[in-house]
There are 2 protein chains.
Amino acid sequence: MKTYSISEAAKYLDLTAYTLRYYDKEGLIPFVERTESGTRRFKEKDLDALRMIECLKSTGMPIKEIKHFIDWCLEGDATLQQRYDMFLERKACVEAQLEEMKKTIEMIEHKCRYYQTALEAGTEDIHKGARLEFPEY
Amino acid sequence: MKTYSISEAAKYLDLTAYTLRYYDKEGLIPFVERTESGTRRFKEKDLDALRMIECLKSTGMPIKEIKHFIDWCLEGDATLQQRYDMFLERKACVEAQLEEMKKTIEMIEHKCRYYQTALEAGTEDIHKGARLEFPEY
DNA sequence: TCTTGACCTAGAGTTAACTGTAGGGTTTAG
DNA sequence: CTAAACCCTACAGTTAACTCTAGGTCAAGA
């Protein structure tokens, strides 16, 4: 079975070896095995688990909470409900983020139009009617 | 014209007074005026600017870069192009984030289904075929 | 055999973005 | 008029997530 050194694994995951060691220290990847001399060997499965960890991280989940999830995984079927609930909560959380992001895009697009018009006019004053005001921030 | 104290402003923006003072110190809100005795008075316009700042922050823009934008605003029409470019870049950045988030949701939904099935079966083994393997993380 | 480069741990340092404290002034309700 | 509840600054402390250094081990090529 093909395995990867820490720096190979880091390369595939777009992380650094430092970060992987840090994750290990934090208990995020207790399943990664070592050679006799103590060198970590990452299996495909480990890379998949790390992709899941990155996925959870991208939802804004802190590393300590991800560790709880990993601990539940090690505990087996007794924690299935907790894990299911966690993913349902994550789903709700990301969906809320998605809604927020749509609003953000609207605001940014408004600004793009604002500045495009201003650039065409050569001045921001175009957005001030006849009144003298401070620029929009 | 109605104005707000720092703690009122914080309440409306869902921030703390500490955070607003920190933003001020970092040069994000140089336009906020003070009373004779030095107390900050936030105008509606200032709250709008802060909403824009929060919007930029939500795109992952660091405070130092937001400050550059504020500085450009103070410099006037000479910086219109920079500001336009910045918003175009922000737009591209958030759109990329949106794509990432869609992939995240897919992964999370996969896991929700995985755990729902496992819960129904009472064991994660249902996902292992007949093989004995470690659980999915 | 020797050297080079990758690996290891422990622990210190960094960075961003707050968050809180100390000490002091001001405003407002009773 | 006074006490509580604000406000202010300066600066120290916190937290998360790395990031790096020092000192050492190990494995492969010249």
Side-chain angles (χ1 to χ4, degrees), chain A residues 2-43 46-47 49-70 90 93 97 100, chain B residues 2-43 46-47 49-70 90 93 97 100:
Chain A
K2 176 142 180 55
T3 62
Y4 307 88
S5 73
I6 195 163
S7 53
E8 284 167 345
K11 196 180 64 195
Y12 288 123
L13 296 163
D14 212 10
L15 297 170
T16 68
Y18 293 144
T19 303
L20 288 175
R21 289 198 198 95
Y22 166 68
Y23 284 0
D24 201 1
K25 193 155 54 174
E26 294 300 308
L28 257 48
I29 47 171
F31 42 79
V32 173
E33 285 168 20
R34 309 277 190 126
T35 64
E36 230 171 79
S37 61
T39 299
R40 276 170 277 247
R41 296 307 318 182
F42 292 76
K43 300 178 291 297
D46 299 341
L47 299 191
L50 275 156
R51 285 185 194 103
M52 190 70 234
I53 286 168
E54 289 308 292
C55 169
L56 289 174
K57 229 158 54 66
S58 81
T59 72
M61 200 171 183
I63 277 168
K64 279 185 184 164
E65 272 180 54
I66 299 177
K67 185 190 168 4
H68 291 151
F69 166 64
I70 298 294
R90 275 304 99 192
C93 170
Q97 283 174 30
E100 275 309 295
Chain B
K2 176 140 181 54
T3 64
Y4 305 89
S5 75
I6 196 164
S7 53
E8 284 167 343
K11 195 179 64 193
Y12 288 123
L13 295 163
D14 212 9
L15 297 171
T16 68
Y18 292 144
T19 304
L20 288 175
R21 287 197 198 97
Y22 167 68
Y23 284 0
D24 201 0
K25 191 155 56 180
E26 294 300 307
L28 258 48
I29 47 171
F31 41 78
V32 172
E33 287 169 21
R34 309 277 189 127
T35 63
E36 229 171 80
S37 61
T39 299
R40 277 171 275 249
R41 297 306 317 183
F42 292 76
K43 300 179 289 297
D46 299 341
L47 299 191
L50 275 157
R51 285 186 194 103
M52 190 69 233
I53 287 169
E54 289 307 293
C55 169
L56 290 173
K57 229 159 53 68
S58 81
T59 72
M61 198 173 186
I63 277 168
K64 277 183 185 164
E65 271 181 56
I66 299 177
K67 185 189 168 4
H68 291 152
F69 166 64
I70 297 295
R90 275 304 99 192
C93 171
Q97 284 174 29
E100 274 309 295

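As the structure is a computational prediction, the values presented were derived from the model and not from experiment. Every chain is numbered from 1 and lettered A, B, ... according to where its sequence line falls, protein lines coming before strand lines.
Distance CD (A:Glu26) to P (C:dA10): 13 Å, rounded to an integer number of Å. The interatomic distance linking A:Lys25 (NZ) with C:dA12 (P) rounds to 11 Å, in whole Å. Atom P of nucleotide D:dC8 and atom OH of B:Tyr18 are separated by 12 Å, given to the nearest angstrom. Per the geometry, CD1 belonging to B:Ile63 stands 13 Å off C1' belonging to C:dT19, to the nearest Å. Between the OH atom of A:Tyr4 and the P atom of C:dC7 there is a distance of 15 Å, rounded to whole Å. One atom, CD1 of B:Ile6, and another, C1' of D:dT9, lie 12 Å apart when rounded to the nearest Å. Here the P atom of nucleotide D:dC7 and the CG atom of B:Asp24 are 14 Å apart, to the nearest Å. Whole-Å rounding puts the A:Asp14 CG to D:dC18 C1' distance at 15 Å.
Take B:Arg21 and apply the side chain to side chain donor-acceptor pair (under 3.5 Å) test, not counting sequence neighbours, and it matches no residue.
Using a 4.0 Å cut-off, no side-chain N or O of B:Tyr23 falls inside it from OP1 or OP2 of C:dA17. In terms of phosphate contacts, A:Thr39 brings no side-chain nitrogen or oxygen within less than 4.0 Å of OP1 or OP2 of C:dA6. For the OP1/OP2 pair of C:dA17 and a distance below 4.0 Å, the side-chain nitrogens and oxygens of B:Lys67 include no atom meeting the criterion. A sub-4.0 Å separation between OP1 or OP2 of D:dC8 and a side-chain N or O of B:Arg40 is present. Within the 4.0 Å cut-off from OP1 or OP2 of D:dC7, at least one side-chain nitrogen or oxygen of B:Ser5 is found.
Separating the CG atom in A:Leu50 from the CG atom in A:Asp14 is a distance of 13.0 Å, to the nearest 0.5 Å. Annotation: the span from A:Ile63 atom CD1 to A:Tyr23 atom OH amounts to 5.0 Å, rounded to 0.5 Å.
Within the nucleic acid shown, B:Arg21 comes within 4.0 Å of at least one base atom, counting heavy atoms only.
Projected onto DNA chain C by closest heavy-atom contact, B:Thr19 and A:Arg41 fall at different nucleotides, the more 5' of which corresponds to A:Arg41. Mapping A:Ser37 and A:Tyr22 onto DNA chain D by nearest heavy atom places A:Tyr22 closer to the 5' end of the strand.
Of the options B:Lys43, B:Glu33, B:Arg41, a side chain to side chain donor-acceptor pair (under 3.5 Å) to B:Thr3 is made by B:Arg41 and by none of the others.
Scanning both residues, B:Ala17 and B:Ala10, for their nearest heavy atoms gives N-CB, 3.7 Å.
Between D:dT9, C:dC8, D:dC18, one nucleotide has an atom nearer to the side chain of B:Arg34 than all others, and that is D:dT9.
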